[in-house]
Amino acid sequence: MQILASVRFLLILSSLCCFIIIPSLCSELPNTRCIESEKNSLLEFKTSLKDPHNLLSSWEGSDCCNWKGVTCNNETNHVVSLNLGYWHLFNGLSTAWRIGGELNPSLLALNELNHLDLSSNDFGGIAVPEFIGSLKKLSYLNLSNAGFGGRIPHQLGNLSSLRYLDLNSFYSSHDLYVDSLDWLSWLSSLQYLDMNSVNFVNVGDWFVSINLIPSLSVLKLPHCKLKEFPLSFSFRNFAPLTYLDLSNNEFHSSLPNWLFNLSSLQYLNLQFNQFQGSMPDEFSRMNSLEVIQLGNNELVGSIPRTISFLCKLRIFDLSSNNITGDTASLAEISVGCAGNSLEVLNLRNNNLTGNLSDWLVNFKRLDTLDLGHNSLNGFIPASIGKLSALKYLMLTANGFNGTLPESIGQLSELILLDLSFNSLNGVVSDVHFANLLKLEQLSLASTSLAVRMSSSWTPPFQLTIISLRLCRLGPEFPSWLRMQKDYSVMDLSSAGIEDVAPNWIWNLSEKILLLDLSHNLISGNLPATLEFASISILDLSNNKFEGSLPTFSSSMEYLDLSNNMLTGSILPFFRFPLPILSHLFLSNNLLSGTIPSSICQDAELCHRFLKQSAVRRTSNMLG
Ligand SMILES: *[C@@H]1O[C@H](CO)[C@@H](O)[C@H](O)[C@H]1NC(C)=O
Ligand SMILES: *[C@@H]1O[C@H](CO)[C@@H](O)[C@H](O)[C@H]1NC(C)=O
Ligand SMILES: *[C@@H]1O[C@H](CO)[C@@H](O)[C@H](O)[C@H]1NC(C)=O
Ligand SMILES: *[C@@H]1O[C@H](CO)[C@@H](O)[C@H](O)[C@H]1NC(C)=O
Ligand SMILES: *[C@@H]1O[C@H](CO)[C@@H](O)[C@H](O)[C@H]1NC(C)=O
Ligand SMILES: *[C@@H]1O[C@H](CO)[C@@H](O)[C@H](O)[C@H]1NC(C)=O
Ligand SMILES: *[C@@H]1O[C@H](CO)[C@@H](O)[C@H](O)[C@H]1NC(C)=O
Ligand SMILES: *[C@@H]1O[C@H](CO)[C@@H](O)[C@H](O)[C@H]1NC(C)=O
Ligand SMILES: *[C@@H]1O[C@H](CO)[C@@H](O)[C@H](O)[C@H]1NC(C)=O
C-alpha cells in the first residue's frame, strides 16, 4: 500500500508538473516511448533513401516518436504513421530537395503502421515495392506523384484495411500502368481511389473489378486511357459513390443508363471524352449532384429541363458540345430548385438559340456565366445588374444587339466582362462602369459600341486586359486610359481615333506584352526609345506617326510600324540585338539607311524584312 500510494503520488506529481511546475520536462516525457526494434527499422529504412537536403535530419537519437513525419500510438507506442510526403516535410519550392532512393523492406517491422505517405517525392521510376502489400494494417497509402513507374503490383490487393489509395501520377515523369485489376476488387475497405494518369490500356474489364469494391465512395480515373464503358451493366456496389472523375479518357458512346442510378453522387466529371447522344432527363435522379462537368464531348440535343430539380447543383458545365435548343429550358431551370443553387453556368461553344430575359436574375448566386460562342440574340436585359454575385460574364460571339444596359455598372464583384463579337450598339459611358471596382479584363471588341467617358472620369478599376478593337473610341484619344497602369494587353486598333498620341501612352506598364494602336489616324512622334518596356508585340501600323524610329528592347517579337510617316535612318534600330524578333514590317514610311548584313543571318527574318520593307534604298542594301 505504501509503495502504491507513493507511486500514485509520483504520478500525480508528474502530471501536475506537466501543467504547472516544469513544462520543459513534460515535452521530454515521451522520449522513452519509441520501441527499439521499430527505431532500428526506421534507421535502416533511412539508409536506403536519398535525402539530398537532409529533410530527415531529425531522425537520430532514441526517440523515434519525435522524429519528423513519424507518429506513434500514445498508448501502445507503436509507430502508426509515416508521413514523408514532400509537402509535409518541406514547404518550399525547390523540387531538387525531394526524397528518392530505394524503399527498404525493413519497414515491415512496423507492424502497426496504418498511414504511409510518400507523396510528391522522386523515386526515379522504381517500381512500387511488392512488400507494401504486406503492411497489413495500412488504411492510408499515398504514393501520388512520387516518381514510381512500371506495373502496379497485385500485392497491394492484400491490404484489406486500406481505405485510401492514392496512386495519382499526373505530375510524375514516369509511367505507371495496371495489367489486371483483380487485386483492386479485394480491397474490401477501400473508400477512396485515385489513379489519375495510370495507364489502363491493357485492362478491358476495369469496370467489373471496380464495381466489386463494396464501399468505394470516391473514384478518380482521369487520363487513364479508358475506352470502354459498359452500357448495360447491373451495378451493385456503386450506390454510395459520391465522387466520380472519368474525365480525359477515350469514351466514345452515349452516357450509360446505370449512371443515373448513382443517387449519392455529388461530383461528376466526364469532360474531355467523346460522349455522344443527348443528355437525358434521368439526370434529375442524381439529386445529390453539386457538380456536373460534361464539357468537351459530342453531346447533342437540348439542355434537359429536369436539371431544375437538382437542388444542390453549384457547377454546371456543358461547354464545347453541340447542344441546341433555345433558352426556354434555361428559363425553366432558373425558376426551379437549381436556380437557387447554381454558381457556375458554362454553356460556351454550343449551338443555343433564343434570348436572355428577366429569368436570368433567378440565378441569384451565379458567379460565372459563360454563354459565349452560341447563336443567342436579342438585347441584354437590364435586370442583369441584379446578379450581384457575378464575377465572370462572357457573352462573346453571339448575336446580341441593342444597347448595353447601364445596370451592368452595378455588378460590383465583376472581374471579367467579355461582350466582344456581338452586334451591340449605342453609347457606353462612365455610368456603365460606375461600380465595377474589381474589373480586370474588359473586352468590347468587334461590337459597334461607342465608348465615351467624360474627360474628368477616374475609373474605379485597374485593368490587366483592355480589348476595344473595332469599338468607336475616337476621335479623341481616350484620356481615361491614362489611369490604367497595370495592363499587359491593350488593343485599341480600328477604333476611330484621330488625335495626337498623348505622351503618357508611351509610359508602358512593367507588365506590358501587347500594344496595338493600328488602323487609326493617330499622329505625333514616337518616343526615342522603348527599350525599358518588356513588350513583345507592338502594332502601330496604318496611322500618321512621324519622327524617327525608336529603339526597342530585346523582348520584341512582332513589330509593325508600316504605313506611317516615319523618317530618318533605320540604323539606330539595328544597333541593338533583337534576338527573338520574327516579324518586322517597316514598309510605306520615309525611312532611309542600310540594312546591316547581320540581319540576314536569320534567313527567315531576312526574307520577311526584304519582302515587307519598302525602305528607301540609299546605298548598298542587301539583296
Ligand atoms: C492519444 O492521442 C489522441 C489524439 O492525438 C487523443 O485523442 C487521445 O486522447 C490520446 N490518448 C491518451 C490516452 O492520451
Ligand atoms: C496525397 O498527397 C497529396 C500531396 O501531398 C495530396 O494532395 C492528396 O490529397 C493526398 N491524397 C489523399 C487521399 O489524401
Ligand atoms: C498477397 O498477394 C499475393 C499476390 O496477389 C498473393 O500471392 C499472396 O498470397 C498474398 N499474401 C497474403 C499474405 O495474403
Ligand atoms: C436503376 O435502379 C432501378 C431501381 O432503383 C433498377 O430497376 C434499374 O435496373 C437500375 N438501372 C440500371 C441501369 O442499373
Ligand atoms: C451539331 O449539330 C448539328 C445539328 O444537329 C449538326 O448539323 C452538326 O453537324 C453538329 N456539329 C458537330 C460539330 O457535331
Ligand atoms: C452548330 O450547328 C451548325 C450546323 O447546324 C454546325 O455547323 C456547327 O458546327 C455547330 N456548332 C457547334 C459548336 O457544334
Ligand atoms: C426575347 O424574345 C421574345 C420573343 O421573341 C421577345 O418577346 C422578347 O422581347 C425578347 N427579349 C429580349 C430581352 O431580347
Ligand atoms: C435585334 O435582332 C433581332 C433579331 O435577331 C431583331 O428583330 C431586332 O430588330 C434587332 N434589334 C435591334 C435594335 O437591332
Ligand atoms: C509615367 O509614369 C510615372 C510613374 O507612374 C509618372 O511618375 C510619370 O508622371 C508618368 N509620365 C507621364 C508622361 O504620364
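Read the numbers this way: they start at 1 and go in the same order the structure lists the ligands and their atoms.
- Distances below 4.0 Å separate heavy atoms of Gly378 from the following atoms of ligand 7: 14 (O).
- Summary of contacts: the protein heavy atom closest to atom 4 (C) of ligand 7 is Asn355 ND2, 4.6 Å.
- Considering CD1 of Ile380 and CG of Leu393, their distance stands at 7.5 Å, rounded to 0.5 Å.
- Using a 4.5 Å heavy-atom cutoff, the side chains of Tyr267 and Thr242 are not in contact.
- Looking at Thr403, Asn401, Asn377 and measuring to atom 3 (C) of ligand 8, the nearest heavy atom belongs to Asn401.
- Backbone and side-chain nitrogen or oxygen atoms of Tyr140 are examined, and one is located within less than 3.5 angstrom of a nitrogen or oxygen of ligand 2.
- The shortest N or O to N or O distance between Tyr192 and ligand 2 is not below 3.5 Å.
- Scanning all protein heavy atoms for the shortest distance to atom 5 (O) of ligand 2 gives Ser119 OG, 3.2 Å.
- At a 3.5 angstrom cut-off on N or O pairs, Asp166 counts as close to ligand 2.
- The side-chain contact (heavy atoms from CB on, under 4.5 Å) with Ser319 is formed by just one residue from the set Leu347, Leu345, Asn346; it is Asn346.
- The local environment of NZ in Lys386 is sparse, with at most 12 non-hydrogen atoms from other residues, nucleotides or ligands closer than 6.0 Å.
- Atoms of ligand 2 lying under 4.0 Å from any heavy atom of Asn142, numbered from 1 in the order shown and given with element: 1 (C), 2 (O), 3 (C), 8 (C), 10 (C), 11 (N), 12 (C).
- Note that Arg151 lies outside the cation-pi zone of Tyr177, set by a 6.0 Å cut-off to the ring centre and a 45° limit from the axis.
- Note that atom 13 (C) of ligand 7 has protein non-hydrogen atoms nearby, at separations under 4.0 angstrom.
- At a heavy-atom cutoff of 4.0 Å, ligand 2 is contacted by no atom of Tyr86, backbone or side chain.
- Residues Thr396 and Asp418 bring a donor and an acceptor atom of their side chains to less than 3.5 Å of each other.
- Ser429 contributes atom OG, which lies 5.5 Å from atom CD of Glu406 (distance to the nearest 0.5 angstrom).
- Interface of Leu356 with ligand 7, defined as ligand atoms under 4.0 Å from a residue heavy atom, comprises 12 (C), 13 (C).
- Enclosure of atom OH in Tyr164 is not indicated, since only 12 or fewer non-hydrogen atoms of other residues, nucleotides or ligands lie within 6.0 angstrom.
- Atoms of ligand 2 found under 4.0 Å from any heavy atom of Ser144, numbered from 1 in the order shown, are 1 (C), 2 (O), 3 (C).
- Closer than 4.0 Å to atom 9 (O) of ligand 2 lies none of the heavy atoms of the protein.
- Under the 2.5 Å SG-SG cutoff, Cys65 and Cys34 do not qualify as a close cysteine pair.
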